Amino acid sequence: MSYNPKEIEAKWQQQWEAEQAFEPSDSLSQKKKYILSMFPFPSGRLHMGHVRNYAIGDALARYYRKQDYNVLHPIGWDAFGMPAENAAIKHGRHPKEWTYSNIDYMRKELGTLGLSFSKTREFATCDPLYTKHEQKFIIEMFQKGLLYRESTTVNWCESCHTVLANEQVEEGCCWRCDNPVELKEMPGYYLDIIRYADELLEDLAQLEGKWPSQVITMQRNWIGKSQGLAFDFELTEESKAKLDGKFDRYEVFTTRPDTIYGVTYSALAPEHPITKYLVEHNLLESEVAEKIKAIANMSEVERAKQDKEGYSLGISVIHPLTGEQIPVWTANFVLASYGGGAVMAVPAHDERDYEFATKYNLPIKRVIEGGEELPYTGSGRLIESDRFSCVENEEAKIAIINYMEEEGKGKGTTNYKLRNWGVSRQRYWGAPIPFVHCDECGLVPEKFENLPVALPDDVEITGEGNPLENHPTWKHCKCPKCGKDAVRETDTLDTFVQSSWYQFRYATNPKKWEEVGIDKADADYWLGVDQYIGGIEHAILHLLYARFFTKVLRDLGYHDIDEPFQRLLTQGMVLKDGAKMSKSKGNTVDPDALVDKYGADTARLFILFAAPPQKELEWNDSAVDGAFRFIKKLYDRSGKVTGKTLPEIDQSSLSKESKLARVKVYEALQKSADVYEHTFAFNTLIAACMEALNALDKQDNTDVWTEGMYIMLNLLEPIIPHVATELSEKLFGRENFNGKIEVKDEVFVQESVMYVVMISGKKRTEIEVSPDASNDEILAAAKEAGEKWLQNMQIVKEIVVPNKLVNLAVKPV
RNA sequence: GCGGAUGUGGUGGAAUUGGUAGACACGCCAGACUUAGGAUCUGGUGCCUAACGGUGUGGAGGUUCGAGUCCUCUCAUCCGCACCA
């Protein structure tokens with residue numbers, strides 16, 4: 001019988017389905033593993049990146065199941081989002097219909113891969129039941145002051161009539177219609193992630209060694225904690241008067257308080273209230289006011305590309321320590337969103353300040369010794385700094401903060417680059433933000449018993465405006481508090497909100513899904529996810545948001561977990577011809593076609609064999625043939641097996657080839673635990689199995705064949721489950737899948753040992769000696785074998801590395 | 001600019017953590033079998049050399065009996081952040 005993947009795979013997929021083979025046990029006392037591959041967006045078709053993602057996760061899930069763990073290995077659908085609305089616009093399909101039919105199709109595709117997912121825990125994030133609980137969390141966050149509504153400047157695309165996330169702005173233009181993005185002030189909902197910034201930062205230490213270091217670093221940089229001094233600049237009397245007495249001071253933040261005596265000007269963002277006041281009240285020359293407005297209309301991205309530009313505001317502040325008058329400017333490099341939108345400028349010791357000062361002929365005052373030229377940003381002693389002169393600048397930072405605090409002039413502060421998470425989207429296909437605007441009561445959350453606030457089905461999606469806003473009746477409702485006429489919020493939640501807590505939803509027993517979003521006992525048992533697998537592209541957004549949500553939900557009492565993902569594996573991309581597979585490049589390989597031609601086992605084997613999971617994987621059609629060939633050979637050689645169980649083998653009766661075969665088999669076995677539990681270098685385990693099969697093929701002892709197959713099928717089952725199960729069932733009644741197979745040390749005991757003989761570090765020859773030969777005996781044998789290279793040489797050093805080699809360092813006599 | 005990675009045959013990649021570099025696989029070459037083969041099997045295959053031998057892990061130094069692995073410098077590529085005061 002030749003290998004027929006179609007038949008075998010269909011058979012076992014049906015059987016697994018019938019047996020509900022992959023449902024976790026409800027018992028919460030067993031040892032557990034929660035293996036999670038990032039859930040897919042139901043775009044319509046599976047791509048190779050998915051296959052890789054799920055092949056890795058499935059291998060781990062199957063491995064642990066065989067080790068008697070209670071394994072949770074779920075799948076679901078990240079189902080809200082833009083593409084569904086685009087499909088509606090382009091093809092007139094309703095987002096809901098489009099999404100659920102895609103899910104049905106992709107579920108089938110995943111099915112043909114033989115992945116061991118729990119079927120009972122599958123859900124889509126657009127299911128109203130999921131929305132219901134999410135809305136409850138959102139309301140609870142509001143009640144805790146973690147969610148707030150605020151009007152700020154956002155990226156706005158006039159032609160698409162929507163707010164764009166920062167990531168959706170490319171070179172200052174809308175990613176979809178290429179129209180220039182405008183900055184617009186509008187209200188939106190924000191989650192106060194900054195409140196958790198410190199914990200998010202500190203807990204990264206727990207993940208050290210378990211998450212890829214680059215992801216940890218990226219998160220650390222993204223949070224961007226910096227410590228320094230915040231202090232007020234008081235305006236001069238004249239300036240106060242010019243500002244009609246509306247302002248008398250403003251705050252600045254610096255990480256370089258040691259340079260405070262070098263301040264020669266101060267700069268405000270164009271959006272700073274003082275700048276705005278001056279512009280709006282015609283207190284500047286109209287030409288200057290226009291230029292400032294122009295800068296304010298540019299996005300941060302766009303501004304970053306411009307040269308330094310700024311204008312004197314005609315006002316001054318008083319230096320808090322020297323009492324000098326300091327001119328105030330507005331500048332395009334001062335960010336409104338960081339540090340209060342105002343800076344003290346020290347051109348001598350800051351590159352930006354220097355560039356600006358040079359351009360506008362502002363004074364430059366050196367206050368730190370060191371370096372040949374200015375600006376000098378290194379360390380050194382302070383000069384011209386009053387009582388702090390001669391102090392080393394690192395000490396001066398602390399001393400000056402202390403002094404400012406004592407004098408009540410400022411305080412040590414922490415600042416973050418991290419911005420609060422804007423979760424409002426002016427889109428239809430998302431979870432409605434469950435609030436109501438009431439003229440009497442203001443912003444009122446919907447009552448819990450009315451959740452979910454569901455999306456209306458009868459919407460018109462044109463790509464213009466917010467369909468919920470345009471819907472004739474949906475937004476009109478009664479105030480949950482006073483009962484008067486009110487208006488529903490028409491913004492929906494960012495889809496990253498859904499993916500921030502789905503790992504808790506899977507963990508919750510589906511029997512409880514109706515009544516609770518997260519069951520505490522279930523969550524505390526299953527979480528954290530023991531192994532999370534996904535693309536590096538989520539290094540910040542999803543992984544940071546999910547960590548944040550975990551901590552928030554913990555503080556809301558839903559569970560006791562601090563970190564959602566204990567270990568993280570970031571898989572590399574699947575490439576073809578050196579580029580990422582994409583439809584537009586026409587370099588895709590269709591998983592369906594691959595499975596159809598070779599079967600799922602070959603697809604899975606190839607994808608795990610071609611590269612370690614962390615690396616990019618270059619697609620190679622003929623290497624797929626190689627994977628197929630290996631399975632065929634394995635299938636073919638199963639005929640060599642005679643026993644039904646693991647045989648007892650008398651090592652001493654075996655031929656040299658049979659002994660070697662056993663060594664290869666047991667080497668693979670030895671390697672497997674490390675691969676499945678730590679390194680995930682499936683490529684090396686597969687290579688070890690190939691070596692074992694090659695070695696078995698060079699001998700003909702049937703017991704050795706039986707033992708080899710028994711072990712290899714166990715090792716390979718997580719990777720090529722269909723054929724491994726088929727053969728194991730036929731040969732061993734799957735007894736080889738029960739529990740761990742012990743390594744037999746006697747297999748590795750050798751009758752003689754090969755030593756490499758090196759002369760001065762160069763390999764020259766080999767010797768074969770008895771395993772219990774003394775060093776002297778080994779050296780004597782080595783000298784004899786290496787005689788030809790030792791003539792006219794004097795041995796200066798002799799090294800024997802047990803079981804490996806002899807090195808004789810020589811020099812000419 | 002800052003941060004993080006990566007660099008090994010024609011290709012994908014191994015190397016027990018300082019001990020025989022190139023396992024395993026693809027490709028290629030030769031042969032066998034076959035009506036045929038894009039099937040299967042056998043053998044070969046880093047580079048230079050007719051050979052002895054030499055040489056070889058991006059490059060240059062260094063430590064060591066011994067370096068792909070450790071140290072210093074350097075080059076290249078990729079990724080992330082990007083005026084964060």
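The basis for the numbers below is simple: all heavy atoms, side chains too, and nothing from hydrogens, waters or symmetry mates. Numbered from 1 within each chain, the chains take letters A, B, ... in sequence-line order. Note that the coordinates shown come from a computational prediction; the quantities given were computed from them, not determined experimentally.
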Next item on the list: Could you check which of B/G13, B/G27, B/G53 has an atom nearest any side-chain atom of A/R629?
Entry: B/G27
Next item on the list: Rounded to whole angstrom, note down the C1' distance from B/G10 over to B/U20.
Entry: 25 Å
Checklist line | Syn/anti label of B/U17 as read from its glycosidic torsion, with the cut at 90° from 0 | finding: syn
Margin query: As a quick check of understanding, evaluate side-chain contact (heavy atoms from CB on, under 4.5 Å) for A/Q227 and A/K225, giving each step before the final call.
Written below: CA-CA 7 Å; A/Q227 271 159 323; A/K225 180 175 180 169; 4.2 Å; yes
Check: Quantified in whole Å, what is the C1' atom distance between nucleotide B/U42 and nucleotide B/G46?
Finding: 23 Å
Note to self: Is there a side-chain contact between A/I295 and A/K291 in this structure, where contact means two heavy atoms from C-beta onward sitting under 4.5 Å apart?
What the structure shows: no
Check: Which residue, A/Y250, A/Y338, A/F233, A/W329, forms the ring pair (Phe, Tyr, Trp, His ring centres under 6.0 Å) with A/H272?
Finding: A/Y250
Notebook entry, point to check: Who does B/G80 pair with, Watson-Crick or G-U, both distances under 3.5 Å?
Noted result: B/C2
Check: Does any nucleotide pair with B/A85 by Watson-Crick or G-U wobble geometry, both distances under 3.5 Å, and what is it?
Finding: none
Next item on the list: Would you mind classifying the nucleic acid contact of A/E537 as base, sugar-phosphate or nothing, using non-hydrogen atoms under 4.0 angstrom?
Entry: nothing
Margin query: Please report the distance separating the C1' of B/G9 from the corresponding atom of B/G56, rounded so that it comes out in whole Å.
Written below: 10 Å
Notebook entry, point to check: Considering Watson-Crick and G-U wobble pairs with both distances under 3.5 Å, what does B/U45 pair with?
Noted result: B/G27
Margin query: Nearest to the side chain of A/T217, heavy atoms from C-beta on, is which of B/C84, B/G3, B/U55?
Written below: B/G3
Next item on the list: Determine the contact category for A/A610: base if any of its heavy atoms lies under 4.0 Å from a base atom, sugar-phosphate if only primed atoms, P, OP1 or OP2 are that close, otherwise nothing.
Entry: sugar-phosphate
Checklist line | Separation of the C1' atoms in B/C84 and B/C71, to the nearest angstrom | finding: 35 Å
Checklist line | Pair A/I292-A/L313, side-chain contact (heavy atoms from CB on, under 4.5 Å): steps then yes or no | finding: CA-CA 10 Å; A/I292 294 172; A/L313 293 176; 4.1 Å; yes
Notebook entry, point to check: Where do A/E271 and A/R303 land on the salt bridge (charged side-chain N to carboxylate O under 4.0 Å, His left out) test, with the steps shown first?
Noted result: CA-CA 13 Å; A/E271 294 91 341; A/R303 273 183 234 182; 2.5 Å; yes
Note to self: Assuming nearest nucleotide by heavy-atom distance, tell me which of A/Q306 and A/A681 is located more 5' along RNA chain B.
What the structure shows: A/A681
Notebook entry, point to check: Rounded to the Å, how far apart are A/Y354 OH and B/C83 P?
Noted result: 22 Å
Margin query: Please report the distance, rounded to the nearest Å, between CD in A/E351 and C1' in B/C84.
Written below: 15 Å
Next item on the list: Identify the two heavy atoms, one from A/P327 and one from A/T264, that lie closest to each other, and give their separation to 0.1 Å.
Entry: CD-O, 3.4 Å
Check: How far, in whole Å, is B/C83 from B/U69 if one measures between their P atoms?
Finding: 38 Å
Margin query: Students often get this wrong, so: under 4.0 angstrom with heavy atoms, is A/V334 touching a base, only sugar-phosphate, or nothing?
Written below: base
Notebook entry, point to check: A/I540 has an atom CD1; how far is it from atom P of B/C79, in whole Å?
Noted result: 15 Å
Notebook entry, point to check: Just to confirm, is there a sub-4.0 Å distance from OP1 or OP2 of B/C84 to any side-chain nitrogen or oxygen of A/Y416?
Noted result: no
Margin query: Pairing check on B/G37: which nucleotide meets the Watson-Crick or G-U wobble criteria with it, both distances under 3.5 Å?
Written below: none
Notebook entry, point to check: Below 4.0 angstrom from OP1 or OP2 of B/U40, is there any side-chain N or O of A/K632?
Noted result: yes
Next item on the list: Classify the nucleic acid contact of A/S213 as base, sugar-phosphate or nothing, counting any heavy atom under 4.0 Å across all strands shown.
Entry: sugar-phosphate
Checklist line | Syn/anti state for B/G9 [syn: chi within 90° of 0] | finding: syn
Item checked: Contact nearer the 5' end of RNA chain B, comparing A/N683 with A/M690 -> A/N683
Check: How far does CD1 of A/I368 sit from OG1 of A/T377, to the nearest 0.5 angstrom?
Finding: 9.5 Å
Checklist line | Close residues, residues 614-628 of chain A, relative to RNA chain B [heavy-atom separation under 4.0 Å] | finding: A/K615, A/E616, A/N620, A/S622, A/A623, A/G626
Margin query: In whole Å, I'd like the distance from the CZ atom of A/F606 to the C1' atom of B/C24.
Written below: 14 Å
Margin query: If you take the centroid of each ring, where Trp contributes its six-membered ring, are A/Y676 and A/F682 closer together than 6.0 Å?
Written below: yes
Next item on the list: Could you let me know what B/U57 is paired to, Watson-Crick or G-U wobble, both distances under 3.5 Å, or none if it's on its own?
Entry: none
Notebook entry, point to check: Between B/G54 and A/R764, is there an OP1 or OP2 to side-chain N/O distance shorter than 4.0 Å?
Noted result: yes
Note to self: Rounding to an integer number of Å, can you tell me how far A/L418 CG sits from B/G80 P?
What the structure shows: 19 Å
Checklist line | Note: A/K664-A/E691 ion pair, threshold 4.0 Å (strictly below) | finding: yes
Checklist line | Options B/A85, B/C65, B/C81, nucleotide nearest the side-chain atoms of A/A809 | finding: B/C65
Check: With sugar-phosphate meaning primed atoms plus P, OP1 and OP2, does A/R220 contact a base, only sugar-phosphate, or nothing at under 4.0 Å between heavy atoms?
Finding: nothing
Next item on the list: Quick one: look up who B/A51 pairs with, Watson-Crick or G-U, both distances under 3.5 Å, and put none if it's unpaired.
Entry: none
Next item on the list: Can you tell me, in whole Å, how much space there is between the C1' of B/A21 and that of B/U55?
Entry: 13 Å
Notebook entry, point to check: So, A/Y666 and A/D745: side-chain donor and acceptor under 3.5 Å apart, yes or no?
Noted result: no
Note to self: Check the phosphate of B/C65 against A/K797, side-chain N and O only, distance under 4.0 Å to OP1 or OP2. Yes or no?
What the structure shows: yes
Margin query: Output the rounded distance in Å from CD (A/E309) to P (B/C83).
Written below: 16 Å
Margin query: On the nucleotide B/A85, are OP1 or OP2 found under 4.0 Å from the side-chain N or O atoms that A/S226 carries?
Written below: yes
Check: Could one point to a donor on the side chain of A/K308 or the base of B/C83 with an acceptor on the other under 3.5 Å away?
Finding: yes
Margin query: Please give the distance between the P atoms of B/G7 and B/A14 as a whole number of Å.
Written below: 9 Å
Note to self: Side-chain N or O of A/N694 versus OP1/OP2 of B/A25: is the shortest distance under 4.0 Å?
What the structure shows: yes
Margin query: Could you tell me how far apart A/I536 (CD1) and B/C79 (P) are, to the nearest whole angstrom?
Written below: 13 Å
Next item on the list: Quick one: label A/F630 by what it contacts on the DNA or RNA (base, sugar-phosphate, nothing), any heavy atom closer than 4.0 Å.
Entry: nothing
Notebook entry, point to check: If we take the P atom in both B/A30 and B/G38, what is their distance in whole Å?
Noted result: 14 Å
Checklist line | Among B/A85, B/C84, B/C65, the one nearest A/I799 by side-chain distance | finding: B/C65
Notebook entry, point to check: Which part of the nucleic acid, if any, lies within contact of A/P612, taking any heavy atom under 4.0 Å across all strands shown: a base, the sugar-phosphate backbone alone, or nothing?
Noted result: sugar-phosphate
Next item on the list: Measure from CD on A/Q214 to P on B/U6 and round the result to the nearest Å.
Entry: 9 Å
Checklist line | Selection from B/G12, B/G80, B/A15 that lies nearest to any side-chain heavy atom of A/F609 | finding: B/G12
Next item on the list: Among B/G12, B/G27, B/G19, find the nucleotide with the atom closest to the side chain of A/L805.
Entry: B/G19
Notebook entry, point to check: Minimum heavy-atom separation for A/Y360 to A/E309, with atom names?
Noted result: OH-CA, 3.4 Å
Notebook entry, point to check: Can A/K308 be said to sit on top of A/F356's aromatic six-ring, NZ or CZ under 6.0 Å from centre and within 45° of the ring axis?
Noted result: no
